[in-house]
Amino acid sequence: MNYRYVLKELRHHHNRTLVNILGIGIGIALFVSINAVNTAYQKAVSLPFKNLGADIVVQRPEKRAVDSGQPPASMRGIRLPFSNQRLPSHDLEKLKAIEGVDSMASSLLLWEFNKGGFRTIMGVDLTQPSLGPVKVKEWLKEGRFPRKEGEVVLEKHYAKFHHKKNGDAVEINGRPFSVVGLLEIKEGSQIASANIYLPLQDAQGLLGAESGGVNIAYLRLKNPSLLSQVKTSIAKQLNGVSVTSSDSFLELMGGVSKISEQFSFIVSIIALGGAIFLIIKAMVSNLVERSREIGILKAVGWTERDVQKQLMGEVFLQSLFGGVLGILMGYFFSYLLGFLSIPVSTPWELNLLPAFAKDTAAVAKTVRLPVSISAGLTAISLALSLAAGGMASYFMGKRTARMKPAEILRQL
Amino acid sequence: MSKSTILSGTDLSKKYGDLEVVKGVSLTVNEGEFVCLVGKSGCGKTTLLSLLSGLEKPTKGRVSLDGREITTSSEDELALFRRDNVGFIFQSFNLIPTLSAWENVALPLFPIKITSEERRRRATELLEKMELGHRMDHLPSALSGGEKQRVAIARALVNHPKIIFADEPIGNLDSGTGEAIMGILNKLHKEEGVAILMVTHEDELAKTANRLIRMKDGEIMS
C-alpha cells in the first residue's frame, strides 16, 4: 500500500471522502448517543437506591390501606405511615439471616399531623455508617448531625419555609428539640426525603415506648446479581411485607424504560446498519467511477492484491476518521442530553408523603439524565466503524477481482 | 546479425459471443524490432495487441513473451509478468489524475519494495530524458497532450521492459506533437534497443517502423 497515493486520492476527491467519513460518523454518533442514553436511564432509576447504598428496601404496609385504600380513623399527632407499619424484631432477624444479605440498616419513618398540616420525621440508625438514611449525613449544608437526645436536623427547604435556622428550637408532638444542622436532599434520593431527621431512639420515643421498633429495613447484598434470589427468599419467609429495589422503579416507569430499551436497540441497529449499507454502496459505486484507474493499475503490473491493499488503505483511513468523528459527535450529543431531566416515579410504598399530599400515589421526581460514555462503548464504536470499513473492503475486493484491465481500457 | 524472437503469437483467435474479432492470427516480433500493426478502426488490431501483451486471454492460440508461455498464466501472474517485462503506451495516455508526473512514472514501482527515494530517482531520470524535468510535480491536468504522452512513455520505460506495446500513441495529439512523440519512440528503439509493437491506423506513421503488418477483419493481410 502506498500511503502517498492513499492520501492524495482521499484529498483529491475530498467531497467523496467527506461524505463517506460523515456517513460513518453519523451512524456511529447515533449508536453512541442512543446507547449512552439507554444506560443513563438505567442509572437514573437506580439512583434512589445507590444514594442510600442499599439494594433492597423492606416495609410492611398497613393491611387496611392495601386492601381498601381507606384512611384510618385517627389522623392527629404522631403516627406510622400507611405503607410503613412496624417491622417486628423477628422479621428483622430473618432478614439479616437470609443468604446473600451482606448488611442491614433500619429507620423509623413517622408522620405528624397537626392543625398546620403534616410533616415527615425520619429516625435514623446511627450505628450503620453507610447504609440507609444515615447517608443524609453526607449532605449536610450547615451544622452537624445529632449526637444526643433532643437534637434534630432539618431539610433545608422545610427549614426555609418555616423560617427555622441552625440553633432554633422546634416542637415535635409537644416535645422541644434543638436544630443542630440543615441538609439538602440529593437529587434522586426521594426515598430518604423527610422534613426532620433525628436519632432512631428519639423517633421511637416520639411514637411511644410500647410501639418502639423500626418500620423500614435497608438491605445491602453481597452481590447485586443475587437480587431476585434474595427477593424471592424474603417473599417466602416474611408474610405481608413489600420488597422494593431499583427494578421496581423500572417497572413503574415501564412504558418509558421498556420503550427506551427496545427503541435504543432497534434504532442503533438501524442507524448503524443503514450507515454501513450506505457507505458500502457509496464506496462500491465509487469503484465504477474508478474503473479506469483500476484498469491502468492492473495494466502496469499491479496484482489484485496490490489493488485491494490500496483500496483497503483508503477505506481504513475513512473508517477510522469516521469512527473518531462519530465518537466525538456522540460525546457532544451525550453532553447535551445530560442537561435533560427525566421524571422518576416512586412506587407507592416508598413514597414518604401521605397520599393526599400529592395528586397521585406515585410521586414523580425529576433527575438529570446521568449520561456518560464508557471506554467500552468507545472501543465498541471504533471497532464497529472499522468493521464497517472491513465489510466495504470485502465487497470492493469482490468487485475489483471481476475487473479485467483490457475490458476497462477498451471501454475508454 | 539475426535477433531472437521476443514475442510470438500462434493461431490467435478472440471471440466475444458470436463475434470473432481476431481470426487465427500468427505473428512474431524480434528483439529490438519496431513493428507497426496497421488497419482501419474495428479491424481487431487493439484486441490483438491486448492478446499479445497479456492484458487479455485468447479464445484460441498461444502467446509466448520472452520465451515464456503466458496464455495459461493467472491474472496475477500476468500482472507480475507485465510489471517486469512489458511497457504500455495508450492513445488516451491513461495517467492517474491525482498523482504528479513523477508519481505516474513511478506507478509500476509502487508495489515493489524499494525506497521512495529510489522510485523518485528512477522517475526523475526518465522524465529528464523526456525533457520534463521541470514538470515533475505537476498533475496531469496541468500538462499538455504531448507532455502527458511523454510521461506515459517514461512510465512504460520505468521497469526497463523488453518490449513496449503502443496503442495509437499519437491518436489524440496534433501533428507537430505527434511527430515529436514518434521521434522519441524511434530514438528509444534505436538507442535503447527496445522492441516496439505499435498499433495505428495511419500508414504514414508505419513508414518509420522496421516492419509493417496489415490487418483487415481480424486477419493479417501482409
Side-chain angles (χ1 to χ4, degrees), chain A residues 1-20 283 286-315 317-318 396-412, chain B residues 14 16 21 46-58 74-100 102-113 116 119-120 139-141 152 155-156 158-159 161 165 167 172:
Chain A
M1 180 175 56
N2 190 283
Y3 293 102
R4 178 189 285 272
Y5 187 10
V6 167
L7 293 175
K8 281 200 160 188
E9 196 60 44
L10 295 179
R11 209 169 50 206
H12 187 80
H13 299 289
H14 50 270
N15 285 342
R16 191 166 72 190
T17 306
L18 201 64
V19 167
N20 288 343
M283 287 181 177
N286 289 343
L287 280 186
V288 178
E289 276 176 44
R290 295 178 67 183
S291 57
R292 175 177 172 265
E293 185 184 333
I294 291 162
I296 298 167
L297 296 178
K298 288 188 171 183
V300 300
W302 285 45
T303 61
E304 187 56 42
R305 194 176 153 83
D306 295 331
V307 175
Q308 283 180 13
K309 268 160 71 178
Q310 190 66 27
L311 296 173
M312 270 177 72
E314 292 175 23
V315 173
L317 275 186
Q318 291 177 88
M396 286 168 83
K398 281 184 83 168
R399 179 65 74 93
T400 58
R402 290 202 297 265
M403 291 179 168
K404 303 279 180 275
E407 286 171 24
I408 297 162
L409 296 172
R410 195 186 304 121
Q411 289 161 11
L412 300 171
Chain B
K14 183 67 184 178
Y16 296 108
V21 182
T46 296
T47 304
L48 181 59
L49 187 96
S50 296
L51 298 179
L52 291 167
S53 61
L55 281 179
E56 202 158 9
K57 286 188 176 178
S74 69
E75 287 292 335
D76 277 354
E77 284 169 343
L78 282 174
L80 293 171
F81 187 77
R82 285 195 297 270
R83 182 195 294 173
D84 296 336
N85 300 286
V86 174
F88 284 99
I89 303 168
F90 301 97
Q91 180 180 357
S92 50
F93 323 123
N94 284 340
L95 301 179
I96 305 290
T98 51
L99 298 179
S100 67
W102 85 261
E103 288 162 340
N104 264 292
V105 173
L107 195 64
L109 305 177
F110 280 175
I112 298 171
K113 281 194 173 119
S116 63
R119 259 183 226 129
R120 192 175 172 115
L139 290 177
S141 56
R155 181 180 66 192
V158 78
N159 272 337
F165 292 91
D167 186 5
N172 278 353

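All chains are named by letter (A, B, ...) in the order of the sequence lines, taking the proteins before the strands, and each is independently numbered beginning at 1.
With a threshold of 4.5 angstrom between heavy atoms, B:I112 does not approach chain A through any atom at all. The contact between B:S100 and chain A is made by backbone and side chain atoms together, counting heavy-atom distances below 4.5 Å.
In summary, the side chains of B:D167 and B:Q91 do not present any donor paired with an acceptor at a separation below 3.5 Å, with no hydrogens or angles considered. In this structure, a donor-acceptor pair under 3.5 Å is absent between the side chains of A:N20 and A:T17.
When the candidates B:R82, B:E77, B:R155 are compared by the number of heavy-atom contacts under 4.5 Å with chain A, B:R82 comes out ahead. Annotation: maximal heavy-atom pairing with chain B below 4.5 Å, among A:E304, A:Q310, A:R11, occurs at A:E304.
Here the options are A:T303, A:D306, A:V307, the test is side-chain contact (heavy atoms from CB on, under 4.5 Å), and the partner is A:K298; only A:V307 passes.
Annotation for B:V86 and B:F88: closest pair CG1-CE1, 3.7 Å, computed over non-hydrogen atoms.
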